[in-house]
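Inspection log for the structure reproduced underneath, given as structure tokens.
So that the names make sense, note that chain A is the first sequence line, chain B the second, and so on, each numbered from 1.
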Protein chains: 2
Amino acid sequence: MARSRAPTFDSQRADILEHAADLFAEHGFRGASMANIATACGVSKPLLYHYYRDKSQLLFDIADHYMDRLLAIVAEVKERALEPEPHFRALVHAFMEAYEHAQSRHRVLVQDVKFLDEEDRARIVARQRAVVDAFAEAVAALRPRLRRRDLRVPLAMILFGMLNWTFTWLRASGPLTYADMADVVLEIFLDGVRVKS
Amino acid sequence: MARSRAPTFDSQRADILEHAADLFAEHGFRGASMANIATACGVSKPLLYHYYRDKSQLLFDIADHYMDRLLAIVAEVKERALEPEPHFRALVHAFMEAYEHAQSRHRVLVQDVKFLDEEDRARIVARQRAVVDAFAEAVAALRPRLRRRDLRVPLAMILFGMLNWTFTWLRASGPLTYADMADVVLEIFLDGVRVKS
DNA sequence: CCTACCGATCGGTAGG
DNA sequence: CCTACCGATCGGTAGG
């Protein structure tokens, strides 16, 4: 009979994923070696292969679990059945809060998904597209008479630009919090910054 | 007497830089080998080392030349001495036009500068900061009564988010042109997207 | 003696 | 779950 999994299996696996995400974020997928990850986790390199088939699987799991989280946020906000503007505000706030607690995963998603093989990459990209579509709908609902339907996705991508670019400059330890940032983005996106008459 | 450089030296060097930028953009700094770059350029690997001391020098040159271009745009627009809003519009349009013709260099700047050694990285980061400062001033001029001075740089970073994130989704061959994109960003940043009463 | 450039191979390290 | 290794490929440089 097959031996059962150690009770620590899942937490050990999660710990490896966390350290791997940090190292991929900092050094890139090619720049971080399996030996580096093993050392960071305080385990041997062969033990890593007990939890993950190969290096790509580790990368895929980081990206896929992170997409689980982002899609769960989209679903949770949708369930509240809010009016267009509160719905939009809730999405932006929930995403910034998620980003605050997943900075390494966020970087990995942005910079390293291109190293996945075609099949794995396609799955991640499809799930990202689902998130973009949810935002495009939320944006369109704000402006129901928007004439150019072809601008729905670009408007969502512009919004994601404001939110996602934070990985290059916003730090949880800085003076501007992630919640402040959500408010500033909402102010700009909803009203712009031009001097009001 | 020292033999002079071949007349093709500068163009050969520029050709190498271009191919290296494409490969770094696609595969990352660690994923693109000197052998790959040599093959793409149609030269031998040792010849690469005639033009560039090492792989890092190649990366630095890509980033530094691109910063030359971006800082030149900032200076050119400043020389026109426009009013705040036309000045701001000119900056956004000029940057989007530069991005359109430098997609690989743009990606390299975003994703690979972290692989430079401390000194080279510091130079690039300092020049990037100069660009951010120029945008922060241009944004502040739009809204001279902005109460929170500490929002000047975040506002500029939010704008850069909209512009720079295009590297993930905007294609020169697509239906939305870079010039269209500049106009949409300006509309949002200046007026927001809320339904106007 | 210089610079320009080749075919071949170096020491070290990657993922496995 | 370890040490000990492998085939391959890395960035960089030797002699000529």
- Item | Phosphate OP1/OP2 of C:dC6 contacted by B:S44 side-chain N/O (<4.0 Å) | yes
- Which whole-number value in Å describes the distance from A:L58 CG to C:dG15 P? 11 Å
- Query: Mind checking the C1' distance from C:dA8 to D:dG12? Whole angstroms is fine.
  - Reply: 13 Å
- Can you tell me how far C1' of D:dT13 sits from NZ of B:K55, to the nearest Å? 17 Å
- Task: Measure the distance from OH on A:Y52 to P on C:dG15 and round it to the nearest whole Å.
- Result: 17 Å
- Rounding to the closest angstrom, what is the interatomic distance between C:dT9 and D:dG11 at atom C1'? 13 Å
- Task: Can you tell me the distance, in whole Å, between the CG atom of A:D117 and the P atom of C:dG15?
- Result: 17 Å
- Query: Using 30° and 60° as the class limits, which term best fits the ring planes of A:H106 and A:Y99: parallel, tilted or perpendicular?
  - Reply: tilted
- Note on the structure: Atom CZ of A:F115 and atom C1' of C:dG15 are separated, to the nearest Å, by 15 Å
- Task: Remember a base hit wins even if backbone is also touched, and classify A:A38 as base, sugar-phosphate or nothing at under 4.0 Å, heavy atoms.
- Result: nothing
- For the side chain of B:M34, starting at C-beta, report the closest nucleotide among C:dA4, D:dG11, D:dT3. D:dG11
- Looking only at side-chain atoms of B:S33, point me to the closest of C:dG15, C:dG16, D:dC10. D:dC10
- Message: Counting only heavy atoms from other residues, nucleotides and ligands, does the tally under 6.0 Å from CZ of B:R129 exceed 12?
- Response: no
- Query: Between C:dC5, D:dC10, C:dC6, which nucleotide has the shortest distance from any of its atoms to the side chain of B:Y51?
  - Reply: C:dC5
- Rounded to the nearest angstrom, tell me the gap between atom CG in A:L59 and atom P in C:dG15. 13 Å
- Item | Residue B:L47, side-chain heavy atoms: nucleotide from C:dC6, C:dG16, D:dG12 that is nearest | C:dC6
- Main-chain N/O of B:F115 paired with B:D112 side-chain donor or acceptor, under 3.5 Å: no
- Between A:V43 and A:R30, who's closer to the 5' end of DNA chain D by nearest nucleotide? A:V43
- Query: Between atom CG of A:L17 and atom OH of A:Y66, what is the distance when rounded to the nearest 0.5 Å?
  - Reply: 13.5 Å
- Atom-pair distance (CG on B:N36; P on D:dG12), nearest Å: 14 Å
- Selection from D:dT3, C:dC5, D:dG12 that lies nearest to any side-chain heavy atom of B:H50: C:dC5
- Between OH of B:Y51 and CZ of B:R13, what distance do you get to the nearest 0.5 Å? 9.5 Å
- Query: For the base of C:dG16, is there a side-chain donor-acceptor partner from A:K45 under 3.5 Å away?
  - Reply: yes
- Note on the structure: From CZ of B:F29 across to P of D:dC10 the rounded distance in Å is 13 Å
